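Below: the structure, in structure tokens.
Numbers here simply count residues along the sequence, with the first being 1. Given the structure is predicted, the values throughout are model-derived calculations rather than measurements.
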Amino acid sequence: MTDSKYFTTTKKGEIFELKAELNSDKKEKKKEAVKKVIASMTVGKDVSALFADVVNCMQTDNLELKKLVYLYLMNYAKTQPDVAIISVNTFVRDCEDPNPLIRALAVRTMGCIRVDKITEYLCEPLRKCLKDEDPYVRKTAAVCVAKLHDINAQLVEDQGFLEALKDLLSDSNPMVVANAVAAISEILETSSNPQPSLEMNSGTINKLLTALNECTEWGQVFILDSISNYTPKDEKEAQSICERVTPRLAHANAAVVLSAVKVIMKYMEVLDIHGDYVTMLVKKLSPPLVTLLSAEPEIQYVALRNINLIVQKRSDILKTEMKVFFVKYNDPIYVKLEKLDIMIRLTNQANIAQVLAELKEYATEVDVDFVRKSVRAIGRCAIKVEQAAERCVSTLLDLIQTKVNYVVQEAIVVIKDIFRKYPNKYESIIATLCENLDTLDEPEARASMIWIIGEYAERIDNADELLESFLEGFQDENTQVQLQLLTAIVKLFLKRPTDTQELVQQVLSLATQDSDNPDLRDRGYIYWRLLSTDPAAAKEVVLAEKPLISEETDLIEPTLLDELICHIASLASVYHKPPNAFVEGRFNFYYLVYRCFLSSGDAAAGESVIETHAPAVQQSTVIPGVDSLIGDLLDMDIGGPTSYQQQQMMNQMPISAPPPAGGVDLLGEGLDTLLGGGGGGMDTLGGLSDIFGITVQSSFYTPPQEVWLTAAKGKGMEITGTYTRRNKQIYMELTFTNKAMQPMLGFAIQFNKNSFGIQPASPLQLQSPLPPNQSASTSLPLNTQGQIQKMEPLTNLQVAIKNNIGVFYFSCQIPMHVLFTEEGEMDKKDFLASWKEIPSQNEVQSTITNVQHNADTVSQKLRNNNIFTIAKRNVEGQDMLYQSLSLTNGIRVLAELKIQPGMSNFTLSLKSRVEDICPFIQQSFDTILHN
């Protein structure tokens, strides 16, 4: 007997038993065996060893068994691609089965098997199913196209499936239309390349609107979302679409209602804001939103988060519906807090009395968090509605009289803000506040009370005693309280120097000698030196008039709000963050391309709201805050380029190979003679500078700094900047100015994907903290190893800056010449060959006017900026410079510069395989020669 006995066993293990049952002749036994396999698979057991046996069970007419086998196949095909390929014939056969359920099941499973080897065999069955006579099969096939596009986008495009999908939009069955729309939306969102064939037009939109009335509710959601991404040609079309969408506002499904609201909110941007039709739409939007608030709490919360956005965009929609936002006793806390926020947003002079009465009632609730928010809400009302401020202060005083500790503390915090908003108006209540001094135990309340005492020390007779009582436990206080106490005592000293000298010396000593906190110590030293050297200056600094606080500090930034309006009825509208903030991961957190309308209504669908039409314009534009995108941005590490390294790096932009242009002299100037004369890369000394030991000074042109982020947009942080190149490296030169009232620290920077893959080469190094009214400059080295995405214009760069206040966004233009590399000088033979290879239609001519240089100085000036002169010759009295340059992504540009001696206008001819960059190269020549 051979050793084979060791490899066989009579013991029936589980896999062995299942294998035997799968190969049984009895159909029922087979089905039971497959069920056991699926059960094992479901609980996590590895049953891949049975792959071939399970696949053999596909040859059956039993629909239930076929479903089970297909389920197994979807799960294990990726790990067994070679065996899975045997199932292809069965798929093809099943796609022609008389039973439409089997045909649909086959095509759905095909879409779920993510194996490249199999994919190409499935194209023909899918094409047949897209034209199947049964609508159930067609609607399943439509979704399969989207799944196949995710696996192999190029295959889908080459096989014409996109056109077939577009044809399904005209299908007679509304569910087929809905699935086709869903598939198209998915492809457009995930495709890295634009798909013009799938873009919606007015004809397609009409078909969708026709199908809208007959679809299921989720089909309606897909269609409405697709319509919201379409830009109407004019106001008349927008109005027509709104009329046909408006009936969806009465739908029973909340998702359909919110999708319809999204369409109308976006289209109202195109309509005349003061017109009668918009007024009518505003009236129609109110009832469905109110109705959503009678649903279960979870739907209420989603509706309230969306309403919060809508109210910030158009408060007139719900201005008469204040009562529906009044809190009910059985509302969950998350609903209560959201209602409270919306109530404040809707508060105005007409309804303030009603709101205040309600808020006062809430302040007596048992839920501590809700009570605190309610007290703060009263303060927000006072700041928002000036006419009602006195009534709000009176209400707060009533609440203080209740002596409930946490109510008193919240009241004092908001009263401090009211004093800031209305100086010298309500200071008579300070005595009442001082009575509660001993009950304050929370840092924010103690700090607020100390601020009030210091600010109005001249009106409080025993201010020194009150502050001295806080000083007794100085070392145990929170930092916030210590800082406020230091400032308050200095204020007191400047107002009453004779009897508080000992007090100020005591606090300065505690702050500078006994404290380990650098912020406290620094502030102490600053005050000490100010007081000892120039008391008058100290008075001007410490007792300076303070700016009034703003009415609404919690409003969403307008451009982010516009983007979120585009995402009503999605998670983005609940999180109040753009989708990329939580979908694409933490690194692409400010990737911004959203199909939103400009207020003028002239933006094309799918375009970014940030759009600069001419490369010459270098004005910075603020881009939406995420914010934005993606976990909480403030917790994100955006300090260095490592965030990009988990993505595949792209090194150069694609260059299409040009057709051979033959041996024609495309310059028309006898370029062949270049091979015999001239020197490559000449300097002003004819290339002899190195022989005489003369160093020619290289002077790269650095544009002057310009404002990229204004202090208003940056909450006090102003950023100016420019770009330069030195030692073969690009640098971003930045100057940060702190125009806020507090120090700034924790600076970090990150770039969005861009045309040239530019990203920080190291973390941002900046003085931190940056004190108020101070500036700090830094040079940030950049590299081109980042992710690439073509921008409009090409040189646009979107930047995020983070500090302790928040995350801020702006875009700026990169001067093209900083991307010219030091390796751009070509050999003359290579130059000639390249010029001939590039088609003549790629040649771009322009005139540079008013240049006060001759050929030699022009050559040197351009060489300093990495534009290299390959040859120079004189033709009929004209100086001809032939030049080359290379960009960081490997794209080469060839140039011919004609200079007529005595004339200030030069003619520039450019040739490149990538025509898009020529306007930017022209601008670079112009800029360099004029500076």
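Taking 4.5 Å as the limit, some side-chain heavy atom of Thr710 sits within range of a side-chain heavy atom of Val707. For the pair Cys918/Gln845, no side-chain contact is recorded, criterion being any heavy-atom separation below 4.5 Å from C-beta on. In this structure, Phe831 and Glu825 have side chains that are not in contact, with every pair of non-hydrogen atoms separated by 4.5 Å or more. Using a 4.5 Å heavy-atom cutoff, the side chains of Ile801 and Phe736 are in contact. In this structure, Phe906 and Thr847 have side chains that are not in contact, with every pair of non-hydrogen atoms separated by 4.5 Å or more. Phe756 is not listed as a side-chain neighbour of Ile788, based on a closest heavy-atom distance of 4.5 Å or more. Counting heavy atoms from C-beta on, the side chains of Thr724 and Phe700 come closer than 4.5 Å. In this structure, Ile814 and Leu794 have side chains that are not in contact, with every pair of non-hydrogen atoms separated by 4.5 Å or more.
Looking at Glu557 and Thr559, their side chains do bring a donor and an acceptor atom within 3.5 Å of each other. Under 3.5 Å, the side chains of Glu733 and Ser777 contain no donor-acceptor pair of N or O atoms. When only modelled atom types and interatomic distance are considered, Gln798 and Asn754 share no side-chain donor-acceptor pair under 3.5 Å. Side-chain atoms of Thr795 and Gln813 include a donor-acceptor pair closer than 3.5 Å. Between the side chains of Glu792 and Asn796, no donor-acceptor pair of N or O atoms lies under 3.5 Å.
Across every non-hydrogen atom of Phe808 and Lys715, the tightest pair is CE2-CG, 3.8 Å. Minimum heavy-atom separation, Ile749 to Met732: CD1-SD, 4.2 Å. Scanning all heavy atoms of the two residues, the minimum distance from Cys812 to Val799 falls at SG-CG2, 4.3 Å. Heavy-atom minimum distance, Glu822 versus Phe868: O-CZ, 3.6 Å. Heavy atoms only, all atoms of each residue included: Ser884 and Ile870 are closest at OG-CD1, 3.4 Å. For the pair Lys266 and Asn229, the tightest heavy-atom approach, listed with the atom from each and the gap, is NZ-OD1, 3.8 Å.
Side-chain atoms of Ser834 come within 3.5 Å of backbone atoms of Asp830 as a donor-acceptor pair (strictly under, hydrogens ignored). Looking only at distances, a side-chain donor or acceptor of Gln729 sits under 3.5 Å from a matching main-chain atom of Leu782. Although no hydrogens or angles enter the test, the distance criterion places no donor-acceptor pair under 3.5 Å between the side chain of Thr869 and the main chain of Ala871. Panel note: side chain His576, backbone Ile556; no donor-acceptor pair is recorded below 3.5 Å. A distance-only check finds no donor-acceptor pair linking the side chain of Glu896 to the backbone of Leu881 [under 3.5 Å]. In this structure, Asn738 contributes its side chain and Gln742 its backbone to a donor-acceptor pair below 3.5 Å. Panel note: side chain Asn866, backbone Phe820; a donor-acceptor pair is recorded below 3.5 Å. No donor-acceptor distance shorter than 3.5 angstrom exists from the side chain of Asn864 to the backbone of Tyr701, with no hydrogens or angles considered. No donor-acceptor distance shorter than 3.5 angstrom exists from the side chain of Asn803 to the backbone of Met744, with no hydrogens or angles considered. The backbone N or O of Ser886 sits less than 3.5 Å from a side-chain atom of Thr821, completing a donor-acceptor pair.
One distance of note links CG of Asn854 with CG of Asp879; it measures 8.0 Å at 0.5 Å rounding. With values rounded to the nearest 0.5 angstrom, Arg913 atom CZ is found 8.5 Å from Leu894 atom CG. Rounded to the nearest 0.5 Å, atoms CG (Leu908) and CD1 (Ile921) are 9.5 Å apart. Rounding to the nearest 0.5 Å gives a distance of 6.5 Å between CG of Asn931 and OG1 of Thr927. Note that the CG atom of Leu797 and the OH atom of Tyr723 stand 4.5 Å from one another [nearest 0.5 Å]. Remark: Lys836 NZ to Lys911 NZ distance equals 10.5 Å, nearest 0.5 Å.
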TODO: Could you go through the side-chain contact (heavy atoms from CB on, under 4.5 Å) check for Leu897 and Val858 one step at a time?
DONE: CA-CA 10 Å; Leu897 195 59; Val858 164; 3.6 Å; yes
TODO: Might you work through the side-chain contact (heavy atoms from CB on, under 4.5 Å) test for Glu915 and Gln841, ending with a clear yes or no?
DONE: CA-CA 10 Å; Glu915 294 179 78; Gln841 59 265 30; 5.6 Å; no
Task: Residues His817, Phe925; criterion ring-ring contact (aromatic ring centres under 6.0 Å, His included); working and verdict - done: CA-CA 8 Å; His817 72 284; Phe925 269 83; over 10 Å; no
- [ ] Give the intermediate values and the outcome of side-chain contact (heavy atoms from CB on, under 4.5 Å) for residues Gln705 and Leu734.
- [x] CA-CA 8 Å; Gln705 289 201 357; Leu734 293 160; over 6 Å; no
Task: Verdict with supporting geometry, Ile848 and Asn905, side-chain contact (heavy atoms from CB on, under 4.5 Å) - done: CA-CA 6 Å; Ile848 305 175; Asn905 291 352; over 6 Å; no
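Residues meeting the side-chain contact (heavy atoms from CB on, under 4.5 Å) test with Pro558, sequence neighbours left out: none.
The side chain to side chain contact (heavy atoms under 4.5 Å, CB included) test with Ile758 is passed by exactly one of Val818, Asn752, Leu819: Leu819.
Applying the side-chain hydrogen bond (donor to acceptor under 3.5 Å, both in side chains) test to residues at least two apart or on different chains, the pairs with a partner in residues 766-775 are Thr737-Ser775.
Note that Arg726 lies in the cation-pi zone of Tyr731, set by a 6.0 Å cut-off to the ring centre and a 45° limit from the axis.
Open room surrounds CG on Asn727; 12 or fewer heavy atoms of other groups in view lie less than 6.0 Å from it. Within 6.0 Å of NZ on Lys739 lie no more than 12 heavy atoms contributed by other residues, nucleotides or ligands.
Salt-bridge annotation for Glu269 and Lys313: present, with a side-chain N of the basic residue lying under 4.0 Å from a carboxylate O of the acidic one.
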